[in-house]
> 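Sharing a structure, written as structure tokens. Questions coming.
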2 protein chains.
Amino acid sequence: MNIGQVSKATGVSQRMIRHYEGIGLMPPPDRRDNGYRDYPPRSIERLRFIANARDLGFSVDEIAALLGLWDDRERASSEVKAIALGHAEHLARKAAALEAMRRTLLDLAEGCSGDARPDCPILAGLAETRPHPDRELTGASCKPKEEA
Amino acid sequence: MNIGQVSKATGVSQRMIRHYEGIGLMPPPDRRDNGYRDYPPRSIERLRFIANARDLGFSVDEIAALLGLWDDRERASSEVKAIALGHAEHLARKAAALEAMRRTLLDLAEGCSGDARPDCPILAGLAETRPHPDRELTGASCKPKEEA
DNA sequence: CTTGACCCTACCATGATGTCAAGGTTCATG
DNA sequence: CATGAACCTTGACATCATGGTAGGGTCAAG
């Protein structure tokens, strides 16, 4: 199969199919005499696996690990489950962070009249001193450089 | 003030302070004879505003809009509120998407024994045909859909 | 003068994806 | 056969926010 047909069959863009090959998620397919990639039917399965995992928010590294387990018929399902549950935890933390942002925003907006007057607690809140003024500072403001 | 002091005062890295200048969020400050950036105290306020907005997940474009309204003493608070509420909605949708992913993942993991046996519904679910019209990827193996 | 902290610009990298460019191949049709 | 559409190829650039590095200038104190 040509790349265009694989793309249609899987819903993965040609661009990303080549990309996955480049980063090692897909094995390099055979080439025909004209240089065209020639995919075996198995590739479709594997691409769908990758795309589904991506849709679930797995990182490339996680997908690589899952593919390795997929290829290994002897693997223990506990390994797969550990990756999946770890990722679920990761997703939960991200969702909670977004929710906290939203909460803060709604709290700020609550005090805002939302009319034609210029007074606005949202802007006032944004201009306030930052809650965590202890972020990373680039350059060595207080760290000794021990470089040769 | 030198950039290092502004960085310390705001918790924004020097790297990002220069970046915000490059993308137009911060006005280019005066330069001393030696080429060093020389910031007025106002810059600290503005940087804090930017950093706070960024922490709330606003995009650069949204921050630019908020800054414009911040600079405008005549603006109506309704404009600010509209941006804020729109963004809150955006955050809610993102959080919901993450939660849906997590739900799917947990559903898949539920059927997984998580022991030494190779049988694993998580991998089976990932290898399934991609949801094209509507998704039914949760739970056990569904009927394989044939689509070209 | 030396040292070390500070500043400058400019480039590279991330991750997933899109787009565009410039060129080769295949095939159908006039 | 010639032309053009539709396909394939590689490579490069852009996004967004951030970190890092390289290479070099500046300043103040010892």
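Below, chains carry the letters A, B, ... as their sequence lines are ordered, and counting in each starts from 1.
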> What is the distance, rounded to the nearest whole Å, between atom CD of A:Q5 and atom C1' of D:dA6?
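To the nearest whole Å, that distance equals 12 Å.
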> Given atom CD1 of B:I17 and atom P of D:dG19, what is their separation to the nearest angstrom?
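About 12 Å, once rounded to whole Å.
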> Given axes from five pairs at either end, by how many degrees does the helix from C:dC1-D:dG30 to C:dG30-D:dC1 bend, rounded to 10°?
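Comparing the first five pairs with the last five, the axes sit 40° apart.
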> Closer than 4.0 Å, any side-chain N/O of A:S13 to the OP1 or OP2 of C:dG18?
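So the side-chain polar atoms of A:S13 do come within 4.0 Å of the phosphate oxygens OP1 or OP2 of C:dG18, strictly under.
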> Using atom CD1 of A:I3 as one end and atom C1' of D:dA6 as the other, report the distance to the nearest whole Å.
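So the CD1-C1' distance, A:I3 to D:dA6, works out to 15 Å.
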> Looking at A:Y20, I'd like to know whether one of its side-chain N or O atoms comes within less than 4.0 Å of OP1 or OP2 on C:dT17.
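Yes, such a contact exists.
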> May I have the step-by-step check of side-chain contact (heavy atoms from CB on, under 4.5 Å) for B:R37 and B:R18, ending in yes or no?
CA-CA 10 Å; B:R37 287 173 179 78; B:R18 298 196 187 100; 3.5 Å; yes
> Would you mind checking if B:D119 and A:R73 are paired as a salt bridge, meaning a charged N to carboxylate O distance below 4.0 Å?
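Judged by the 4.0 Å cut-off on N to carboxylate O distance, A:R73 and B:D119 do not form a salt bridge.
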> Please give, in whole Å, the distance from C:dC7 C1' to B:M1 CE?
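Spelled out: CE on B:M1 to C1' on C:dC7 is 15 Å.
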> Does a side-chain N-to-carboxylate-O contact under 4.0 Å join A:R48 and A:E45?
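Looking at A:R48 and A:E45, the cut-off is not met.
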> Could you tell me the separation between the NE2 atom of B:H90 and the CZ atom of B:F58, rounded to the nearest 0.5 Å?
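One gets 10.5 Å once the value is rounded to the nearest 0.5 Å.
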> Base, sugar-phosphate, or nothing for A:I23, non-hydrogen atoms under 4.0 angstrom?
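Here A:I23 touches no strand at all.
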> What is the distance, to the nearest angstrom, from the CD1 atom on A:I63 to the C1' atom on C:dA16?
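Computing the A:I63:CD1 to C:dA16:C1' distance gives 10 Å.
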> State whether the distance check finds a donor on one side and an acceptor on the other, under 3.5 Å, for side chain A:R15 versus base C:dT19.
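Yes.
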> Given atom NE2 of B:H90 and atom C1' of D:dC16, what is their separation to the nearest angstrom?
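Rounded to the whole Å, the gap is 13 Å.
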> When all nucleic acid strands are considered with a 4.0 Å heavy-atom cut-off, which category describes A:R18: base, sugar-phosphate, or nothing?
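Touches a base.
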> Look at the side chain of B:R54 and decide which nucleotide, out of D:dA17, D:dC27, D:dT10, has an atom nearest to it.
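Closest nucleotide among those given: D:dA17.
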> At less than 4.0 Å, is any side-chain N or O atom of B:N34 found next to OP1 or OP2 of C:dC7? Yes or no.
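No, B:N34 has no side-chain N/O under 4.0 Å of OP1/OP2 on C:dC7.
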> May I have the list of side-chain donor-acceptor pairs in residues 22-33 of chain A shorter than 3.5 Å, sequence neighbours left out?
from	atom 1	to	atom 2	distance (Å)
A:R31	NH1	A:G35	O	2.8
A:R32	NH1	A:N2	OD1	3.2
A:R32	NH2	A:N2	OD1	2.8

> Using every non-hydrogen atom in the two residues, find where A:L91 and B:L105 come nearest and quote the distance to one decimal.
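In this case the closest contact between A:L91 and B:L105 is CD1-CD2, 4.3 Å.
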> Heavy atoms from C-beta onward define the side chain here; which of C:dC8, C:dT25, C:dG18 lies closest to that of A:M16?
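The answer is C:dG18.
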> Taking atom CZ of B:R15 and atom OG of B:S7, what is their separation to the nearest 0.5 Å?
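With rounding to 0.5 Å, CZ (B:R15) is 12.5 Å from OG (B:S7).
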> Quick check for you: to the nearest 0.5 Å, what is the distance between A:D115 atom CG and B:S77 atom OG?
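Here the interatomic distance stands at 4.5 Å.
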> So which nucleotide from C:dC6, C:dG15, C:dG18 ends up closest to the side chain of A:V60?
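Given the options C:dC6, C:dG15, C:dG18, the side chain of A:V60 is closest to C:dG15.
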> B:R32 near the nucleic acid: base, sugar-phosphate alone, or nothing, with a heavy-atom cut-off under 4.0 Å?
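Touches nothing.
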> Whole angstroms only, please: what is the NE2-C1' distance between A:H19 and C:dG18?
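Checked: the NE2 to C1' distance equals 12 Å.
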> Find the distance B:Q14:CD to D:dT21:P and express it as a whole number of Å.
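Taking CD of B:Q14 and P of D:dT21, I get 15 Å after rounding.
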> Quick one: on DNA chain D, does B:S59 or B:D33 contact a more 5' nucleotide (nearest heavy atom)?
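Closer to the 5' end of DNA chain D: B:S59.
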